[in-house]
Each structure stands twice: as structure tokens, then as C-alpha cells.
A.B. asks: 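Below is a structure I'd like to ask you about.
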Amino acid sequence: MDFLVVFVLCAFTGTVFGDNASSKPRSCSDVRQFYSSKGFSLNGAPQSEISGEHLRVCPQGYTCCTSEMEENLSNLSRRELEGQVKESGRTLQGALNSQYKSFDGYVLELLNRSETTLQDSFQKTFGLLYLQNARVFQELYTELRRYYRGSNVNLEEALNDFWARLLERLFKASNPEYTFGDDYLECVAKQSETLRPFGEMPRDFKAKVTLTFMAARSFVQGLVISGEAVRKVSQVPLSPECVRAIMKLSYCPQCRGMASAKPCANYCRNVMKGCLANQADLDTEWRNLADAMLQVMDRLSTRYSMDVVILNMPLRISDAVMYMQDNLASFNSKVFQACGNPREGGTRSTGSEENTKKSKVVTEESTDNTTPGARLEKLASDVSRMIRGMQQYWVQLPSKLCTEREASQPADEDKCWNGMTIARYLPEVMGDGLASQINNPEVEIDITKPDMTIRQQIMQLKIMTNRLRNAINGNDVDFQDTSDDVSGSGSGSCADDSCPREPRVNIINEDRTVINAYPPENKRVVKGTANQNLPSFALYLLLLVTLLLRR
């Protein structure tokens, strides 16, 4: 009986261990070469496969990766994904910054051309009279530039102040034989509300200029805010759960000896949607902002005709001055009647008739500026095309990153890395945004704890959208003084060295419960033929046989 026990034990031992004894562990030469190509030292890297109980992220079958190698590759996968997100963000920032520079440069060019036209034509027309009062016109353009730049300027008050100062200067110049005190000039200003010395021109001028500059200012600020949002959101660090998932997606195939396997497309999308769930929550406000910017640009290029309004400012002012000159006698009579006869004591001038004739020439020459330029049409087309292209940026980003990672094609659905092995990926693809990730099989996410940096940017986008809509409706909006920001970095772009650094995330070394698409494999699965057995299973068989023989 003892001989029988020994015989059976030997037979089972040979059956269990025979294949393992005859087969050699796989070489890790390919993994070592890959690991070295990533800049890591090969010290401690195994020459052949080892048991994988030590692995924290990758499936725990036989592997060519040590704990240190897995941690190094995890940190590498994190850096690579963060780099992908930042690079994609920089590309969009570059597009926004380019359009910002084009639009901003065009607005400032229009203002410069308009001011130069006014200076040249008014100096020829009014001569010394203009030179003595040039500061009134210069300050008008200064205030328009400040308002456009985002300074705390009340545009309506600035325009009212311009017409009031112009009236005061022209009234005094047109009546040089009199001396006017402050009280008298204040009375003249009050009479202007009913007498309208410039006709309807100030009202029409204010309406068109206000609408144009409100729209232009809000639009350029929208480009700045959107670029800044992209920069800040692209720098949000990955969560530890995302780091685990991206390691499993990127480099666990290497540790399993499946270096040539591409990740399954839907598997990659689930990982990216989980990692970028908070970013995708920008989608609604991002689209709203884009829609509002498109509406504003449409108004600027069609209804408001920004170039016509700005370039025709000298013409409108000249027409107003002409109107006052033509009706000066009637205006003076009504003012003297209401405010009393002024004190004599000035010096009479004889140049008003010559100035009136010259001003008619200015009016005729200025009409060349009324034709909208092709440059504005092209600018509007380019900006609109860019904005439409960025509308789905945040929800398309996961698929874009997977495409860059060369995820598998539909024809290879059965031959791709699904997170555990080479096989079809079965779970469905999650929706976009944080709330949709509650059942994400690849990335653990607490949907009750959104990222605060991204929430702040969502609020900024919402505020900017409201400003744009106010501008569309003709309501002025209050901006913080952003002149330094706008004139400096453009559309939220900055070099990496000048951008604030976010804390880096290292791989977690503690065990965590991870929801996988597939049940975990046995800890000592040997890759190879299907009939390979486990040493632990052999011990169970030996124990079972011993117990049976003792009965």
C-alpha cells in the first residue's frame, strides 16, 4: 500500500511539473530594450519573466516588469498624457492667439487711420482753429482705445463729454468778439439739449460708435478668456486613478510581453473619457461662448460694419461742425436770448467763411471710406471658421488623444489590448462629462467631487458669454481693467516657464479596489500554451490524493 501511495504521488508530480520543467521562461530582451529606450537604467530589470504578485497596476501574471519598472512607466505614462493634453491646448491657444492678433491689430489700425485722417483733413480745413483744439479730438481717440482695451471707461459719458467740449470750443471760436465765463458756458451747454447745435449727428454718432466698440471689446475679450481657459484647464494634473488607468492602457502590454498590441479603440476612449471627465464639463459653456462670439462677429462685419463706423468718424464729426457753422446765427440768437448777452472783449476773426468752404472739401473726400473693406470680410471668415472648429473641442479631445496614440481600428477589434489581454473589448463607451462616468469600468471617479479649477473656468466662460450677449443687445458691460493682459500675452498664451506649475502626481503604492472590464487573472498565470498548470494547483492535487488513499 505504501508503494502504491509513492507511485501515485510520483505520477501526479510528473504530470503537474513536467511541462513547466521542460519549458523555459520567456526572455525579456524586448522589454529591456524598450525600457532602456525610454531612458531608464536596466539595473534590476529581469532577463526573463518573473512572477508578478508585486505588480500594483498591471495584471499579475508572469511579467518582465519589477515594481520599480512599473512605477517608472506609470510616471512616464502620466507625463506623456499631460504632455498630450498641454500640446493639444497649445495648438488651440495658438489658433485663438492668432485670431486675437489679427482682430486686435485690425481694430487698432482702423483707429489709427481714422485719427490720422481727422488730423490731416481738419488741419487743412480749419488750420489754426483745429491746432488750438486738437486735444479735444486726440482725447476722444484715447478714450476709445482705453475702452476697447477693457479699461474702466464709461463710453457714453466719454462721447457726451466730447461733444460738450467741442461745442464749447467752437462756440467760443465762432464768437471771438465776446468773453464767456464758466457760468455762461454752462448755460450754453444746457441750451444745447434742446437747440441741438450739431443736429442729430451726436445721437447717431454715439449710437453707432457705442454698439461697434461694445461688440469689438467683448469679442476680443472673449478670445482672451477662452485662450486663458484652455491654458489653465490643460494644466490640471491627472488624478491618481487616471494615472493607474493610463499606465494600464499604455505600458502594461509591455510588461505582459505584448509590445506590438494596440489598445482597443473603445477601451482607450473609456480611459480618456474618465481621465478628462471634468474637462468635458466645459462643453456646454464653451459652446455657448462660441455661439455668442459668432453672433458678435456677424454684427461687426455686417450690421455694425466696424470698418465703416470707425473710418467715417472724421466725416461724421466734420458734418456736425458744418451743421453748426451753417446754423450759427440762429443758434447764437437763441443762446443769447436764453443766457443773456455776453460781455464784449474778444478779437473778431475773418476766417470762418474760408473754413466752411474747406470743410465741404473734407466731406467729399471722406466718402471714400464708406466702402467696407475686403480685409474685414476675410477676417470675419477666418475667425468664424476657427470658432466653429473649436466648438466641440472638449468632448472631442478623448477621441483625438486616442487617435494620436494609434488605437486599434474596427477591423482589429479581436486583436487589441483590452486592459487584460489581447481580445475584444466588451464594455460600452461612456458618455461625456463627470456625471456620465459613474459606471466607467476603467477609471474610478467620485462624481460628487468636481475639479475646482475647471469649475472656476466654467464660471469665467459663463460670465464672458453674458458679456457678449449684453453687447449684442446693445447693453454696455463692466470689465475689469484688462489692458495690461490684453496688450501682453494675447489670447491667454504663455510660455511653459511663465505659467504656474501644478503639483505632480506620483503613482500610488497602496492597494486599491479597481473596477475592471474583466475579472482579475490568477496571480501565477504563465503566458504560453493553454495546458500550462500552476504550482499551487499541483499541491492541492497531491493533498487530495493523499487523503483519498488514507481512507
A.B. asks: Taking the six-membered ring for Trp, is the centroid-to-centroid distance between Trp163 and Phe205 below 6.0 Å?
C.D. replies: yes

A.B. asks: Indicate yes or no for a side-chain donor-acceptor contact from Asn440 to the backbone of Asn270 under 3.5 Å, with no hydrogens or angles considered.
C.D. replies: yes

A.B. asks: Gln221 and Tyr100: side-chain hydrogen bond (donor to acceptor under 3.5 Å, both in side chains), yes or no, with the steps?
C.D. replies: CA-CA 9 Å; Gln221 190 72 6; Tyr100 163 81; over 6 Å; no

A.B. asks: Does Lys400, at its NZ atom, have more than 12 non-hydrogen atoms belonging to other residues, nucleotides or ligands within less than 6.0 Å?
C.D. replies: yes

A.B. asks: Counting distance only, does the side-chain N/O of Asp204 pair as donor-acceptor with the main-chain N or O of Glu200 below 3.5 Å?
C.D. replies: no

A.B. asks: Judged by atom type as modelled, is there a donor-acceptor pair below 3.5 Å linking the side chain of Ser88 to the main-chain atoms of Val85?
C.D. replies: no

A.B. asks: I'd like to know if the side chain of Thr212 reaches the main chain of Val209, judged simply by a donor and an acceptor atom lying under 3.5 Å from each other, with no hydrogens or angles considered.
C.D. replies: no

A.B. asks: Less than 4.0 Å between a side-chain N and a carboxylate O, is that true for Glu143 and Arg146?
C.D. replies: yes

A.B. asks: Is Lys124 salt-bridged to Asp120, going by a charged N under 4.0 Å from an acidic O?
C.D. replies: no

A.B. asks: Of all the heavy-atom pairs spanning Val429 and Arg269, show the shortest one and how long it is.
C.D. replies: CG1-CB, 4.2 Å

A.B. asks: Got a second to check how far Cys268's SG is from Ile246's CD1, nearest 0.5 Å?
C.D. replies: 6.5 Å

A.B. asks: May I ask you to decide if Tyr323's main-chain N or O and Asn327's side chain share a donor-acceptor pair within less than 3.5 Å?
C.D. replies: yes

A.B. asks: Pair Leu276, Leu401 - check side-chain contact (heavy atoms from CB on, under 4.5 Å), show working.
C.D. replies: CA-CA 11 Å; Leu276 303 175; Leu401 298 181; 3.6 Å; yes

A.B. asks: Any chance you could lay out the side-chain contact (heavy atoms from CB on, under 4.5 Å) test for Asp291 and Gln391, step after step, and finish with the verdict?
C.D. replies: CA-CA 8 Å; Asp291 288 341; Gln391 280 182 303; 2.7 Å; yes

A.B. asks: Looking only at side-chain N and O atoms, does Tyr141 offer a donor or acceptor that is under 3.5 Å from a partner on Asn112?
C.D. replies: no

A.B. asks: State, to 0.1 Å, how close Gly222 and Leu289 come at their nearest heavy-atom pair, and which atoms those are.
C.D. replies: O-CD2, 4.5 Å

A.B. asks: Could you measure the distance from the OG atom of Ser239 to the CZ atom of Arg244? Nearest 0.5 Å is fine.
C.D. replies: 11.0 Å

A.B. asks: Does the side chain of Thr465 reach to within under 4.5 Å of the side chain of Trp286, using non-hydrogen atoms?
C.D. replies: no

A.B. asks: Tell me whether Trp417 contacts the main-chain N or O of Lys248 through its side chain, where contact means a donor paired with an acceptor under 3.5 Å.
C.D. replies: yes

A.B. asks: Any side-chain donor-acceptor pair under 3.5 Å between Arg169 and Gln132?
C.D. replies: no

A.B. asks: Would you say that Arg405 contacts Gln84 through its side chain, given a criterion of any heavy-atom pair below 4.5 Å between the two side chains?
C.D. replies: yes

A.B. asks: Whether the side chain of Glu193 engages the backbone of Ala189 through a donor-acceptor N/O pair (distance < 3.5 Å, no angle test) should be reported.
C.D. replies: no

A.B. asks: Judged by modelled atom types alone, do Gln392 and Asp283 share a side-chain donor-acceptor pair under 3.5 Å?
C.D. replies: no

A.B. asks: Measuring from atom OG of Ser384 to atom CD of Gln99, what distance do you get when rounded to the nearest 0.5 angstrom?
C.D. replies: 9.0 Å

A.B. asks: Might you point out which heavy atoms bring Ser218 and Val296 nearest each other, and give the distance in Å?
C.D. replies: OG-CG1, 4.3 Å

A.B. asks: Would you say Asn154's side chain and Glu156's backbone share a donor-acceptor pair under 3.5 angstrom?
C.D. replies: yes

A.B. asks: Looking at Asp382 and Lys378, does any basic side-chain N land under 4.0 Å from a carboxylate oxygen?
C.D. replies: yes

A.B. asks: Rounded to the nearest 0.5 Å, what separation is found between the CG atom of Leu211 and the CZ atom of Arg299?
C.D. replies: 9.0 Å

A.B. asks: Identify whether the distance between the nearest side-chain nitrogen and carboxylate oxygen of Glu82 and Lys86 falls below 4.0 Å.
C.D. replies: no

A.B. asks: So, Gln279 and Tyr393: side-chain donor and acceptor under 3.5 Å apart, yes or no?
C.D. replies: no

A.B. asks: What I'd like to find out is whether the side chain of Tyr425 reaches to under 4.5 Å of the side chain of Glu413, using heavy atoms alone.
C.D. replies: no

A.B. asks: To the nearest 0.5 Å, what is the distance between CE on Met386 and OG on Ser381?
C.D. replies: 12.0 Å

A.B. asks: How far apart are the C-alpha atoms of Tyr130 and Phe137, what are their side-chain angles, what is the distance that settles it, and do they pass the ring-ring contact (aromatic ring centres under 6.0 Å, His included) test?
C.D. replies: CA-CA 9 Å; Tyr130 167 73; Phe137 303 99; 5.6 Å; yes

A.B. asks: Is Arg217 positioned over the aromatic face of Tyr147, cation under 6.0 angstrom from the ring centre and no more than 45 degrees off axis?
C.D. replies: yes

A.B. asks: When you look at CZ of Arg455, are more than 12 heavy atoms from neighbouring residues, nucleotides or ligands closer to it than 6.0 Å?
C.D. replies: yes

A.B. asks: Is there a donor-acceptor pair closer than 3.5 Å between any side-chain N or O of Asp451 and the backbone N or O of Ile454?
C.D. replies: yes

A.B. asks: Using modelled atom types only, decide if a donor and an acceptor are shared between the side chain of Ser77 and the backbone of Ser74 within a distance under 3.5 Å.
C.D. replies: yes

A.B. asks: Does the side chain of Val309 reach to within under 4.5 Å of the side chain of Phe213, using non-hydrogen atoms?
C.D. replies: no

A.B. asks: Are the side chains of Leu170 and Val321 in touch, meaning some heavy atoms are under 4.5 Å apart?
C.D. replies: yes

A.B. asks: Taking the side chain as every heavy atom from C-beta outward, state whether Met293 and Val383 have any pair of such atoms under 4.5 Å apart.
C.D. replies: no

A.B. asks: Does a side-chain N-to-carboxylate-O contact under 4.0 Å join Arg149 and Asp104?
C.D. replies: yes

A.B. asks: Would Arg90 and Glu87 pass as an ion pair if we require N to O under 4.0 Å?
C.D. replies: yes

A.B. asks: So, do Tyr148 and Leu155 sit near enough that their side-chain heavy atoms are less than 4.5 Å apart?
C.D. replies: no

A.B. asks: As a quick check of understanding, evaluate side-chain contact (heavy atoms from CB on, under 4.5 Å) for Leu129 and Phe122, giving each step before the final call.
C.D. replies: CA-CA 9 Å; Leu129 177 62; Phe122 275 47; over 6 Å; no

A.B. asks: What distance separates Lys273 NZ from Leu434 CG, expressed to the nearest 0.5 Å?
C.D. replies: 13.0 Å

A.B. asks: Show, in sequence, the C-alpha distance, side-chain angles and deciding distance for Val107 and Val220, and conclude whether the side-chain contact (heavy atoms from CB on, under 4.5 Å) test is met.
C.D. replies: CA-CA 10 Å; Val107 172; Val220 76; over 6 Å; no

A.B. asks: Can we say Arg145 and Glu115 salt-bridge, meaning some charged N sits less than 4.0 Å from an Asp/Glu carboxylate O?
C.D. replies: yes

A.B. asks: What I'd like to find out is whether the side chain of Met324 reaches to under 4.5 Å of the side chain of Leu167, using heavy atoms alone.
C.D. replies: yes

A.B. asks: May I ask you to decide whether Arg375 forms a salt bridge with Glu109, counting only side-chain N to carboxylate O separations under 4.0 Å?
C.D. replies: yes

